[in-house]
Amino acid sequence: MHLHHDYADHLPEFVAATHGEEQPDPKLVVLNEELAVQLGLDTDWLRSADGLDFLLGRDGGHAMAYSGFQFGSFNPQMGDGRAMLLGEVDKDGKLWDLHAKGTGLTPYSRLGADGRGTLSSMLREYLVSEAMHALGVPTTRSLAVISTGRPIQRGHVQPAGVLVRVAASHIRVGTFHYAAQSGHLQDLADYAIARHYPGADYREFFKASWTARLPPCLRGCASALSTG
């Protein structure tokens with residue numbers, strides 16, 4: 001299966017290479033065949049052992065860096081501590097992210113974390129995201145949920161699982177926080193414009209996609225870019 005790594009190639013400062021951990025007994029719980037077909041993916045291959053390894057990130061990918069508010073304070077570098085961008089699928093000239101969650105530790109994992117998630121939480125996200133999509137609410141889509149055969153402790157022992165989700169990209173408000181902190185704001189804005197709003201200038205981009213939702217600290221960044 002051919003994947004692009006467009007985000008990582010254009011913004012290497014925003015990612016860290018990682019691999020999904022080996023799983024003791026992976027089994028496909030649910031595959032969104034309709035979405036897979038829309039993306040041009042081979043559903044039979046995704047159900048195979050090689051397909052499961054791919055969905056679990058065993059072929060490698062990138063954890064994405066971002067900032068955010070954690071435990072009541074601003075953390076300038078958080079990032080995917082239990083997830084990874086597998087890469088992008090090109091469908092009719094448009095890139096779609098494949099992003100796996102619960103695949104194990106990454107370079108951005110917190111001390112003491114295990115990089116995993118419960119099967120129940122992954123199934124819940126699958127159901128909620130697909131319900132929101134059906135209601136016309138823009139959100140990530142869910143491609144697959146895989147049980148790993150691994151028990152994990154979350155209050156009580158539960159089976160672990162991995163969710164693979166799809167989105168036009170996984171650029172977050174926190175990605176712009178990270179860019180502002182690290183001095184790469186214009187690089188990220190240029191990439192986001194080229195990928196999502198080709199031909200727009202900075203002012204048009206922020207007006208169309210972010211300004212109404214930006215916190216005050218980033219409104220200043222938007223103003224600086226649009227006038228700089």
Side-chain angles (χ1 to χ4, degrees), residues 4-18 57 61-88 95-113 115 117 121 125 128-129 132 137-141 163-198 200-228:
H4 296 265
H5 297 282
D6 193 71
Y7 184 84
D9 289 343
H10 282 87
L11 298 169
E13 302 87 356
F14 288 72
V15 298
T18 190
H62 296 87
M64 304 174 73
Y66 51 85
S67 303
F69 290 85
Q70 184 180 40
F71 308 125
S73 60
F74 180 71
N75 185 338
Q77 180 173 299
M78 293 173 62
D80 289 334
R82 60 171 183 165
M84 58 189 295
L85 178 63
L86 301 176
E88 301 99 8
L95 295 178
W96 293 92
D97 284 2
L98 297 185
H99 191 263
K101 181 178 178 181
T103 48
L105 295 172
T106 80
Y108 300 123
S109 298
R110 297 196 312 269
L111 182 66
S121 66
E125 182 170 339
V128 171
S129 65
M132 291 175 67
V137 180
T139 184
T140 57
R141 300 287 308 278
L163 170 74
V164 182
R165 54 194 181 182
V166 176
S169 77
H170 283 76
I171 297 173
R172 307 158 167 89
V173 171
T175 315
F176 278 88
H177 275 125
Y178 180 82
Q181 296 287 320
S182 60
H184 295 285
L185 181 61
Q186 187 165 341
D187 294 335
L188 178 61
D190 287 344
Y191 177 81
I193 288 171
R195 182 162 172 179
H196 297 293
Y197 298 93
D201 60 26
Y202 293 129
R203 185 183 297 276
E204 292 167 340
F205 166 63
F206 282 106
K207 182 179 180 181
S209 62
W210 298 101
T211 304
R213 294 175 291 175
L214 287 177
C217 61
L218 276 186
R219 289 181 191 144
C221 297
S223 175
L225 281 173
S226 63
T227 58

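Values in this document were obtained by computation on a predicted structure and should not be read as measured data.
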Mind listing the closest non-hydrogen atom pair of [X] and [Y] along with its distance?
X	Y	answer
S129	T139	O-CG2, 3.5 Å
F176	A192	CZ-CB, 4.4 Å
T175	Y66	N-CB, 3.7 Å
S67	Y178	OG-CA, 3.1 Å
L188	A179	CD2-CB, 3.8 Å
S169	H196	OG-NE2, 3.0 Å

Of all residues at least two apart in sequence or in a different chain, which pass the side chain to side chain contact (heavy atoms under 4.5 Å, CB included) check with [X]?
X	answer
P76	F74, Q181
A194	none
H10	D6, Y191
A17	H62

Next item on the list: Sorted by first residue and then second, give each salt bridge (charged side-chain N to carboxylate O under 4.0 Å, His left out) pair with at least one member in residues 173-186; sequence neighbours left out.
Entry: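 As it turns out, there is no salt bridge (charged side-chain N to carboxylate O under 4.0 Å, His left out) pair with a partner in residues 173-186 once direct neighbours are skipped.
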Distance in Å, [X] [atom1] paired with [Y] [atom2], rounded so as to fall on 0.5 Å steps:
X	Y	atom1	atom2	value
L95	E88	CG	CD	5.5 Å
I171	M64	CD1	CE	6.5 Å
H99	Y7	NE2	OH	9.5 Å
H177	Q77	NE2	CD	15.0 Å
L98	R141	CG	CZ	12.5 Å

Would you check if V166 and T140 make a side-chain contact, meaning some heavy-atom pair closer than 4.5 Å?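 Contact flag for V166/T140 side chains = no.
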Look at the rings of F14 and H184 and say which category their plane angle falls in: under 30° parallel, 30 to 60° tilted, over 60° perpendicular.
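Answer is perpendicular, since the angle exceeds 60°.
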query: Looking at R195, R165, R172, which one forms a salt bridge (charged side-chain N to carboxylate O under 4.0 Å, His left out) with D97?
result: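 Among R195, R165, R172, the one that satisfies the salt bridge (charged side-chain N to carboxylate O under 4.0 Å, His left out) with D97 is R195.
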Extract all donor-acceptor atom pairs below 3.5 Å that involve side chains of residues 101-108 and protein atoms in other chains or at least two apart in sequence.
unit_1	atom_1	unit_2	atom_2	d
K101	NZ	E125	OE1	2.8
T106	OG1	D80	O	2.4
T106	OG1	Y108	N	3.0

